[in-house]
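Notes follow once the structure below has been shown.
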Amino acid sequence: MKCIGSLIVCMAVLCLTGCSEGKIVRTSVHGTVTIGGVPVESGRIIFLPESGTDSPSAGAVITNGAYEIDKSQGPAPGQYRVQVSATQKTGKKVKASGLPGGPGEVEETASIIPVKYMPDGPGAPKGAGSEQLTATLEKGANEVNFELDAK
């Protein structure tokens, strides 16, 4: 009987611990992303929590240089490493497989993010990660603008 009581207490603690994940205090964040003063036409931005920030990552689409993450999907207040990605068409066609109807050609795209802002790691270009984008988010609404150097 004592074991059953202990088991019930353990299950209750586990249930409460699991339920606390829904209690994350989230914040909204919006802003702009430019490269060399020019708004990023289309891309993605992701806020990745730094050590000590208890939050899921959060991201948004960048459209005409602007992004917005609603509070319902937003990150918690804290310190973040930020990654931005954006591509543009090069004007070239490249062979592609796996297309409906068999192999064909698609328009090639290339990253427009300067290498120094790209995440470093295996397969990353030389110089990647030399400048980290970061953000500190507070409770409430946050405006965070990123002005990336073109070089």
R81 side chain to T134 backbone, donor-acceptor under 3.5 Å: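 No; judged by distance alone, with no hydrogens or angles, the pair does not exist.
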If you define the side chain from C-beta out and look only at heavy atoms, does anything of [X] sit under 4.5 Å from [Y]?
{"X": "V40", "Y": "T34", "value": "no"}
{"X": "P39", "Y": "V33", "value": "no"}
{"X": "Y80", "Y": "P75", "value": "yes"}

Got a sec, which residues hit side-chain hydrogen bond (donor to acceptor under 3.5 Å, both in side chains) with [X], two or more places apart in sequence or on another chain?
{"X": "Q79", "result": "T136"}
{"X": "T53", "result": "none"}
{"X": "Y67", "result": "none"}

For [X] versus [Y], what's the shortest heavy-atom pair and its separation?
{"X": "A135", "Y": "V82", "result": "CB-CG2, 4.0 Å"}
{"X": "P56", "Y": "I24", "result": "CD-CD1, 3.6 Å"}
{"X": "S55", "Y": "A76", "result": "OG-N, 2.9 Å"}
{"X": "K126", "Y": "V115", "result": "O-CG1, 3.2 Å"}
{"X": "A58", "Y": "G74", "result": "CB-C, 4.2 Å"}

Step-by-step side chain to side chain contact (heavy atoms under 4.5 Å, CB included) determination, I62 to V84: CA-CA 9 Å; I62 302 167; V84 175; 3.9 Å; yes
All pairs passing salt bridge (Lys or Arg N to Asp or Glu O under 4.0 Å) where residues 46-74 contributes a residue, at least two apart: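 Found none.
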Pair listing, salt bridge (Lys or Arg N to Asp or Glu O under 4.0 Å) test, anchored in residues 108-118, at least two apart: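 Output for this query lists K116-E131, K116-D149.
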Enclosure of Q73 CD (heavy-atom neighbours >12, cutoff 6.0 Å):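 Incorrect, the count does not exceed 12.
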R44 CZ to T63 OG1 distance, which is reported to the nearest 0.5 Å: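 One gets 10.0 Å once the value is rounded to the nearest 0.5 Å.
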Spatial distance of atom CG (L148) from atom CG (L133) [nearest 0.5 Å]: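 Going from CG on L148 over to CG on L133, the span is 5.0 Å.
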Contacts of type side-chain contact (heavy atoms from CB on, under 4.5 Å), residue K89, not counting sequence neighbours: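 For K89 the side-chain contact (heavy atoms from CB on, under 4.5 Å) partners, ignoring immediate neighbours, are E107, T109.
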side-chain contact (heavy atoms from CB on, under 4.5 Å) partners of P119, counting only residues at least two apart: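 Checked P119 against side-chain contact (heavy atoms from CB on, under 4.5 Å); matches are Q83.
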Shared-cluster residues of V61, by chain and number - hydrophobic side chains joined below 4.5 Å: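 Traced through the cluster, V61 reaches no other member.
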Fellow cluster residues of I46, listed by chain then number, with links counted only when side-chain atoms sit under 4.5 Å apart: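 In the cluster with I46 are L48.
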S111 and M118: CA distance, side-chain angles, deciding distance, side chain to side chain contact (heavy atoms under 4.5 Å, CB included) verdict: CA-CA 10 Å; S111 176; M118 293 179 178; 3.4 Å; yes
Atom pairs and distances, side-chain donor-acceptor, residues 137-146, under 3.5 Å, sequence neighbours left out:
{"unit_1": "N142", "atom_1": "OD1", "unit_2": "E138", "atom_2": "N", "d": "2.9"}
{"unit_1": "N142", "atom_1": "ND2", "unit_2": "T27", "atom_2": "OG1", "d": "2.8"}
{"unit_1": "N142", "atom_1": "ND2", "unit_2": "S28", "atom_2": "O", "d": "3.3"}
{"unit_1": "N142", "atom_1": "ND2", "unit_2": "E138", "atom_2": "O", "d": "2.8"}
{"unit_1": "N142", "atom_1": "ND2", "unit_2": "G140", "atom_2": "O", "d": "3.2"}
{"unit_1": "E143", "atom_1": "OE2", "unit_2": "N145", "atom_2": "ND2", "d": "3.2"}
{"unit_1": "N145", "atom_1": "OD1", "unit_2": "T32", "atom_2": "N", "d": "2.8"}
{"unit_1": "N145", "atom_1": "OD1", "unit_2": "T32", "atom_2": "OG1", "d": "3.1"}

